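Only heavy atoms go into these numbers, but all of them, side chains included; no hydrogens, no water, no symmetry mates. No experiment lies behind these values; they were computed from the predicted model shown. Below, read A as the first sequence line, B as the second, and so on, with proteins coming before strands; counting in each chain starts at 1.
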4 protein chains.
Amino acid sequence: MTILPLPEIPFDGAISQFYENEAPKAVRKAVENASKRDILSDSYPYDRWMEKNAYQDELKALQVELVKLQHWLAASGNRMVLVFEGRDTAGKGGAIRRLTEPLNPRIARVEALPKPTDRQQTQWYFQRYIERLPAAGEMVIFDRSWYNRGVVEHVFGFCTPAQRELFFRQVRQFETMLAQDGIRLVKFWLNIGQAEQLRRMLARERDVLKQWKLSSIDVGGLSKWDAYSNAIHETLTRSHHDDAPWTVIRAEDKYRTRLAVIRHVLGDIPYPGRPDKLPRGVDTAICGGPALWQND
Amino acid sequence: MTILPLPEIPFDGAISQFYENEAPKAVRKAVENASKRDILSDSYPYDRWMEKNAYQDELKALQVELVKLQHWLAASGNRMVLVFEGRDTAGKGGAIRRLTEPLNPRIARVEALPKPTDRQQTQWYFQRYIERLPAAGEMVIFDRSWYNRGVVEHVFGFCTPAQRELFFRQVRQFETMLAQDGIRLVKFWLNIGQAEQLRRMLARERDVLKQWKLSSIDVGGLSKWDAYSNAIHETLTRSHHDDAPWTVIRAEDKYRTRLAVIRHVLGDIPYPGRPDKLPRGVDTAICGGPALWQND
Amino acid sequence: MTILPLPEIPFDGAISQFYENEAPKAVRKAVENASKRDILSDSYPYDRWMEKNAYQDELKALQVELVKLQHWLAASGNRMVLVFEGRDTAGKGGAIRRLTEPLNPRIARVEALPKPTDRQQTQWYFQRYIERLPAAGEMVIFDRSWYNRGVVEHVFGFCTPAQRELFFRQVRQFETMLAQDGIRLVKFWLNIGQAEQLRRMLARERDVLKQWKLSSIDVGGLSKWDAYSNAIHETLTRSHHDDAPWTVIRAEDKYRTRLAVIRHVLGDIPYPGRPDKLPRGVDTAICGGPALWQND
Amino acid sequence: MTILPLPEIPFDGAISQFYENEAPKAVRKAVENASKRDILSDSYPYDRWMEKNAYQDELKALQVELVKLQHWLAASGNRMVLVFEGRDTAGKGGAIRRLTEPLNPRIARVEALPKPTDRQQTQWYFQRYIERLPAAGEMVIFDRSWYNRGVVEHVFGFCTPAQRELFFRQVRQFETMLAQDGIRLVKFWLNIGQAEQLRRMLARERDVLKQWKLSSIDVGGLSKWDAYSNAIHETLTRSHHDDAPWTVIRAEDKYRTRLAVIRHVLGDIPYPGRPDKLPRGVDTAICGGPALWQND
Ligand SMILES: Nc1ncnc2c1ncn2[C@@H]1O[C@H](COP(=O)(O)OP(=O)(O)O)[C@@H](O)[C@H]1O
Ligand SMILES: Nc1ncnc2c1ncn2[C@@H]1O[C@H](COP(=O)(O)OP(=O)(O)O)[C@@H](O)[C@H]1O
Ligand SMILES: Nc1ncnc2c1ncn2[C@@H]1O[C@H](COP(=O)(O)OP(=O)(O)O)[C@@H](O)[C@H]1O
Ligand SMILES: Nc1ncnc2c1ncn2[C@@H]1O[C@H](COP(=O)(O)O)[C@@H](O)[C@H]1O
């Protein structure tokens, strides 16, 4: 009988080993000294996590707006595509969960494509993503997306430089075509620092219930921080355009990240029942264009 | 442009109306008088919800076992099918969430099929379910299943009596074939009483964030309690067999339900690392065969 | 870039080599001595091919009936499944072509499944066939079918003996379920002798335009005539049942075979416009039950 | 039970009626006076069909080259897309059949998409075509294609003018992306005159075995000759570009058409075994760019 390869976890403590033996000193220090609710990045505009009660209240208020947005989507036949990108543990999954929680899964669908099959590898790169695009009244949320070619595939050598160049040559045009077709395209880049990433990976390693979220890519990526940084910077720069601009969210604080994401999804869509002012405005200190992106 | 029909919610208070004007007096009374953590069913072996901390501890311990079970699945190539049935609000979704939380979604997959298309209506009834069956190393969790034909399709007249009879004639054979093929088939029936169901529906109606879980089927079902009861009883009786027995869980208390479900999924599977004794044994007062099913 | 394996043809004359060095003497003689329109099998009730003009006239008349049958299918919503089995070169493809020629390909669909993927290998054996079953108004024609497990998979060791036993344990039940569901199931076994098969394979080998029809399975099968014979005989015997009987057609003469197939598909279906008598009745000398099957 | 709509044929003689009552006099005359092998179009460079034996010899020789091309495709992992367009009865199906006859259907696949479903109508127009694009080593042959939007959808009002403009805005870019990705894209427009079309439609109407090829679109299109001509002319002009030029074939003579198609598919591809000169060169009198297109 053909069987699945053994799942790769728990990696025999590869993350603690990196932490102890390889991580830059400053990073190790930051992780070591932090108490639970501290923010590790110096350049982040806040020192501590948002207060939990305030978060919950605001989340609820924003989710109520999402429900109205969903009505509008379904009633008007509009289509939305959300793209979530960011390093491992940046909080894509958590943000997507809060976003979809109050929504009908038949209307708001999450697509997290597995690595391409051998056959897919030989097809036009965008093909398997295009197959998942929304029909009228649908919102499709890509948990990782075609931008894999810009970053992870490049860093790990899963694509050739020529394939990546072709990707950059085509991606804007591709997105422009979707925009011309009337699809609202929102692209998020969740941005975390090295210390925060390491802290979160250590937490996953230690918690057997979260270990399934760790992959060999995550482990292998630990020692490729700079290669990632370069690839991300290039990708943000080369694929930011009017028809599909990037929204960078500094994601050191999961609470503020999730609120910023939802607020940005609501954007300025004129759905019925929209209040004059959304609960608090956009926090431009952590949510903005590619210029906001930090490599720390 | 073809657009989706407007979502049906919020039903203009149809549930409160049923509660106030049509619900049996005893049911209304039970709902009215209960304080938050009270169990409403008289025949349930406990008066109050399980204590939250104890629940969380036990859940965690059981989820750790699920992670080991998953390793075994993937390594051995075994296949599992879980079927979750029960009236609306019985807690299928919540139980499934706790079960899948610590598992890799590529290994443990949830299938909640939409209502059949016109074309599917004319195909062999089991076809669209069979398309979702597991390959080696996979666990497929059906949130509602082919048993729709036994209950909801019957109660709402979505199938003819002849189609239902044919279903009963074939379902055991169908399941036996899967068992012969080596698929482990676990069928859960989550059983709640009328008062508890009404309490939960009222809660959904009031909470805009949960309204998407309500459908016109749910609302229409309120006044069909007895038709449901008869259909369920018949279904449990006619489709309980050695190759695929029913496990009825009295689901008045969500916490106890979720623990019972996970414990039963672990069953007596000899996965590596299994402790001699699972955290507490099976609670036979709320988890057993069709005889346990109550209509109150 | 991942590329397809080189197509296996033209096998470097493997078939002529078998013919010259390994084929039983009698078989070689028969091939050698025959002139073009001679029938090679001694036990066949005719000596020569049917006359071409008569064939063409009759084919046309029968195809007109197929058009009426198709109207009836579409108008009544009936479903049909045709299964075509038989050794390589037995004429499955040619018969299917004449059958579908006058039909709308959206109504009469041919399914020739490729060899199962690794993933499919671990699923329930019938699953991938069930996915192709007809909806209302459709006729699905399987060019090879689930009976692969009875014969070719067995002969080439692509399945274990236990898998094959399970297949035989389930296949009748499976077909009965389809019949109960109202699907008309017609199973053809096209039966040719070893000399005729060799003659046809040699012709394919020689004609570069037909070489794509040859596979390594065909070549490998040449020296497994007896293993095939045993597997076929067992399969015919164990899977002939009232809900889905086998129709064996002695297929030495392609013309007579095609006419017999169409006549049998028309069967006794009461489609509008059916003449009292079909053009010539069924030729029971070459079309009947499993008893007709010859191993020569 | 949901059943298929009755097939629309045989249209109660709608075509003969058009022929007798509505067709332009000149067209009717041309049809009336022609003997079987006459070419009806005055501007066609030949008066009579090609001689059958010469056609068959040449076809065979070209098909042998196709077999070599197929080896090269599979071995090199190249990908090809062929697009066949042209009015109804222009001979798309017949040309495709001669092209695919000697090829392995797993390598050379024909895609004739049905009219879009309601859901597909609301998706990005190119999506359902993109889903069918080739993987390495494959040739995909579109029998009608995305160019439906340029012609038939426009003529019958199945799309809005805005949708059509968007199509023209995107189609070149779309094709260029495929070309950049290394897919060889060959686009054929089979061009026939009104008299020839009518002659062929009358033949289909009369032959019950060919009636399935007639659709209500064909019948409805009879009186829209000029609207078609304008739409075709515009489409050819606006979508002819270096990355994916149109090849117009004057298709009055089916034999010459098929030979020209195959010759052009072989193009200048350097497959192993290619002779210095293909059997006869390209016939530029009937095969060329958009300028060759005639409206007569
Ligand atoms: N061999 C590969 N080729 C291309 N992409 C790959 C390959 N291996 C992994 N990936 C992609 O890299 C991304 C990151 O992988 P991983 O960290 O395992 O996933 P996730 O972040 O979803 O947990 C995924 O989108 C995965 O599909
Ligand atoms: N017309 C129908 N025919 C058959 N099944 C239906 C039909 N309408 C709804 N159902 C099924 O009834 C079940 C209950 O419906 P609903 O309460 O809307 O779903 P859920 O319990 O998942 O919220 C679902 O499995 C749904 O697919
Ligand atoms: N309602 C429609 N919307 C869009 N396209 C349609 C519609 N109806 C037919 N078509 C398309 O028009 C083309 C011509 O139709 P038809 O003549 O019926 O097909 P064919 O030429 O394949 O016999 C087909 O590609 C078909 O899919
Ligand atoms: N490895 C395999 N496992 C199962 N079936 C196979 C395998 N290889 C070929 N077959 C089947 O054997 C039949 C004959 O093969 P072919 O002659 O190659 O068409 C086809 O139905 C194939 O799908």
Peer 1: Which pair of non-hydrogen atoms, one from B:Ala136 and one from C:Thr122, has the smallest distance, and what is that distance?
Peer 2: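 Smallest interatomic distance, heavy atoms only, reads N-OG1, 2.7 Å.
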Peer 1: Sort out for me which of B:Gln123, B:Glu131, B:Met177 touches chain C most, counting heavy-atom pairs under 4.5 Å.
Peer 2: B:Met177
Peer 1: Search all heavy atoms of B:Leu133 against all heavy atoms of C:Gln127 and return the closest pair with its distance.
Peer 2: CB-OE1, 3.5 Å
Peer 1: Would the number of heavy atoms belonging to other residues, nucleotides or ligands and lying under 6.0 Å from NE2 of B:His241 be above 12?
Peer 2: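 Counting other residues, nucleotides and ligands, NE2 of B:His241 exceeds 12 neighbours.
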Peer 1: In this structure, are over 12 heavy atoms from other groups packed under 6.0 Å from C:Arg238 atom CZ?
Peer 2: yes
Peer 1: Return the minimal non-hydrogen interatomic distance between B:Asp181 and C:Trp124, and the atom names on each side.
Peer 2: OD2-CA, 3.3 Å
Peer 1: Check whether more than 12 heavy atoms from other residues, nucleotides or ligands sit under 6.0 Å from atom CZ of C:Arg172, and answer yes or no.
Peer 2: no
Peer 1: With a 4.5 angstrom heavy-atom cut-off, which part of B:Arg128 approaches chain C: side chain, backbone, both or neither?
Peer 2: neither
Peer 1: Is chain B contacted by the side chain of C:Ile130, its backbone, both, or neither, given a heavy-atom distance below 4.5 Å?
Peer 2: both
Peer 1: Just verifying a value: how many Å separate B:Gln170 CD and C:Phe174 CZ, rounded to the nearest 0.5 Å?
Peer 2: 11.0 Å
